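Notes follow once the structure below has been shown.
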Amino acid sequence: MTAETTTELTTVYQVKGMTCGHCEGAVSSEISEIAGVSSVKAAASTGQVTVVSQAPLDEEAVRAAVDEAGYELVGQA
């Protein structure tokens, strides 16, 4: 019997412009559409978005998703 090990990577991004729960939802929704993303947790109070993924994400893909939601990706926190 073999056990599969899944390694998940957690990355925290800094996003500018989020002010409320609606903002958090918009950013989370867009980022969650990126292939390999397992979960997204956005916090408007800190501007941080925690992303759990199967592999490292292309920062430009994350930037495009945040931009699509109407916010600005500052970079990794």
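Each residue takes its place number in the sequence, starting with 1. Note that the structure is a prediction, hence the values are computed from the model and not measured.
Here the shortest heavy-atom pairing between Gln14 and Ala77 reads OE1-CB, 3.9 Å. When all heavy atoms of Ala55 and Leu9 are compared, the closest pair comes out as C-CD2, 4.0 Å. Counting all heavy atoms, side chain and backbone alike, Cys23 lies closest to Gly17 at SG-O, 4.3 Å. The shortest heavy-atom contact between Cys20 and Ala44 is N-CB, 3.6 Å.
Side chains of Glu8 and Gln54: a donor-acceptor N/O pair is present below 3.5 angstrom, by distance only.
For the atom pair Thr10 OG1 and Lys41 NZ, the distance stands at 14.0 Å (nearest 0.5 Å).
Remark: the backbone N or O of Ala26 is not paired with any side-chain donor or acceptor of Ser29 at under 3.5 angstrom. Not one N or O on the side chain of Gln48 forms a donor-acceptor pair closer than 3.5 Å with the backbone of Ala43.
In this structure, Val49 shares a hydrophobic cluster with Tyr13, Val15, Met18, Val27, Ile31, Ile34, Val37, Val40, Val51, Leu57, Val62, Val66, Tyr71, Leu73, the cluster being traced through Ile, Leu, Val, Met, Phe, Trp and Tyr side chains under 4.5 angstrom apart.
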